[in-house]
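We count residues from 1, following the sequence as given. Not measured: the values here are computed from a predicted model.
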Amino acid sequence: ALELANAERGFLIIGTVKEHKFQVARNLMGEDLADPSHEISQSIAREVFRTGRTLVTNDALGDARLAKFKSVRDLKLMSIAGFPLTLKDRTIGVLYLDNRTVKNAFREDDLSLLRTLCDQAGIAIENARLIDENKRKQRALEEAKGQAWNVRCVGQYPLRRHPSRR
């Protein structure tokens with residue numbers, strides 16, 4: 001995503017507007033960023049989480065929409081793109097890209113491809129969550145079946161082990 005969009009840094013943030021976690025935070029060289037929460041405009045990320053809409057600017061310091069965001073000025077951001085990762089009507093994450101040295105870093109055709117990528121990523125993240133949830137429920141069900149078997153056997157016969165645990 002970084003090279004495609006001509007971004008200097010990229011962050012994948014998963015969660016909600018109130019509670020989220022940085023899953024990935026890297027620079028153009030592929031190096032992990034140590035403290036990502038202080039590296040981005042949290043205001044931009046919150047806005048994308050809140051509205052569920054893409055926010056792109058190629059002149060962050062001159063963009064009137066962003067004048068209220070102190071972090072944009074403090075971080076000296078030039079180009080910013082925030083893409084929601086959505087599932088139905090919920091925003092489950094944000095792909096945040098920026099460039100601190102280049103104005104007009106993002107081209108519309110690249111942004112269109114990134115929007116499509118984020119749509120697919122939202123679906124993939126939710127599928128992974130559902131698979132994990134299903135596995136947890138399956139383990140709980142197997143454990144409950146084993147306990148039920150042991151309870152049924154107590155008092156009738158000497159304690160026997162469930163056939164699947166021999």
> Check whether any side-chain heavy atom of I40 lies under 4.5 Å from a side-chain heavy atom of F22, and answer yes or no.
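Side-chain contact under 4.5 Å: yes.
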
> Test salt bridge (charged side-chain N to carboxylate O under 4.0 Å, His left out) on K137 and E133 and set out the steps.
CA-CA 6 Å; K137 287 180 178 179; E133 181 181 319; 3.1 Å; yes

> Decide salt bridge (charged side-chain N to carboxylate O under 4.0 Å, His left out) for E126 and R129; before the verdict, give the C-alpha distance in whole Å, the side-chain angles of both, and the deciding distance to 0.1 Å.
CA-CA 5 Å; E126 180 65 5; R129 187 193 67 76; 2.6 Å; yes

> Going by heavy atoms in the side chains, are V94 and F11 under 4.5 Å from each other?
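They are not in side-chain contact.
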
> Salt bridge (Lys or Arg N to Asp or Glu O under 4.0 Å) with R53: which residues, sequence neighbours excluded?
none

> Can you confirm whether F106 sits close enough to T57 that some side-chain heavy atom of one is under 4.5 Å from a side-chain heavy atom of the other?
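A side-chain contact under 4.5 Å is absent here.
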
> Roughly how far, to the nearest 0.5 Å, is CG of N99 from CZ of R9?
9.0 Å

> Could you tell me whether E142 and R139 have a side-chain N and a carboxylate O separated by less than 4.0 Å?
no

> Examine L61 and Y96 and state if one hydrophobic cluster contains both, with Ile, Leu, Val, Met, Phe, Trp and Tyr joined whenever side-chain heavy atoms are less than 4.5 Å apart.
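In one cluster with L61: Y96, yes.
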
> Once ring-ring contact (aromatic ring centres under 6.0 Å, His included) is applied, do any residues pair with F49, and if so which ones, sequence neighbours excluded?
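Result, ring-ring contact (aromatic ring centres under 6.0 Å, His included) vs F49: H20.
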
> Would you give the length of the straight line joining atom CG of N134 to atom CG of N127, rounded to the nearest 0.5 angstrom?
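So the CG of N134 and the CG of N127 are separated by 12.0 Å.
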
> Of all the heavy-atom pairs spanning L97 and A7, show the shortest one and how long it is.
CB-CB, 3.8 Å

> Can you check whether K103 reaches D59 side chain to side chain, under 4.5 Å on heavy atoms?
yes

> What's the separation between atom CG in L111 and atom CG in N58, rounded to the nearest 0.5 Å?
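Separation between the atoms: 7.5 Å.
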
> Which heavy atom in P84 sits nearest to a heavy atom in V48, and how many Å separate them?
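Looking at all heavy atoms of both residues, the shortest contact is N-CG1, 3.6 Å.
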
> Quick check: do L55 and L66 have side-chain heavy atoms less than 4.5 Å from each other?
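The answer is yes, as the side chains (C-beta and beyond) meet within the 4.5 Å cut-off.
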
> Does Q23 reach the main-chain N or O of L12 with its side chain, forming a donor-acceptor pair under 3.5 Å?
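No, because the side chain of Q23 does not come within donor-acceptor range (under 3.5 Å) of the backbone of L12.
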
> Return the CD1 to CZ distance between I131 and R136, rounded to the nearest 0.5 Å.
12.0 Å

> To the nearest 0.5 Å, what is the distance between CG on L95 and OG1 on T54?
9.5 Å

> Would you list the pairs meeting side-chain hydrogen bond (donor to acceptor under 3.5 Å, both in side chains) in which at least one residue belongs to residues 71-84, sequence neighbours left out?
S41-S71, K70-D74

> Indicate yes or no: at least one non-hydrogen side-chain atom of I44 is less than 4.5 angstrom from one of D98.
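Heavy-atom side-chain distance check fails, nothing below 4.5 Å.
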
> Before you tell me yes or no, could you show the steps for E47 and R65 under salt bridge (charged side-chain N to carboxylate O under 4.0 Å, His left out), namely the whole-Å CA-CA distance, both residues' side-chain angles and the distance that decides it to 0.1 Å?
CA-CA 11 Å; E47 184 74 7; R65 298 174 302 163; over 6 Å; no

> Is there side-chain contact between E39 and N27, with heavy atoms separated by less than 4.5 Å?
no

> What is the minimum heavy-atom distance between G122 and I92, and which atoms define it?
O-CD1, 3.4 Å

> Could you give the distance from CG (L114) to CG (D119), rounded to the nearest 0.5 Å?
11.0 Å

> Are V102 and L28 grouped together when hydrophobic residues (ILVMFWY) are joined by side-chain heavy atoms under 4.5 angstrom apart?
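No, separate clusters.
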
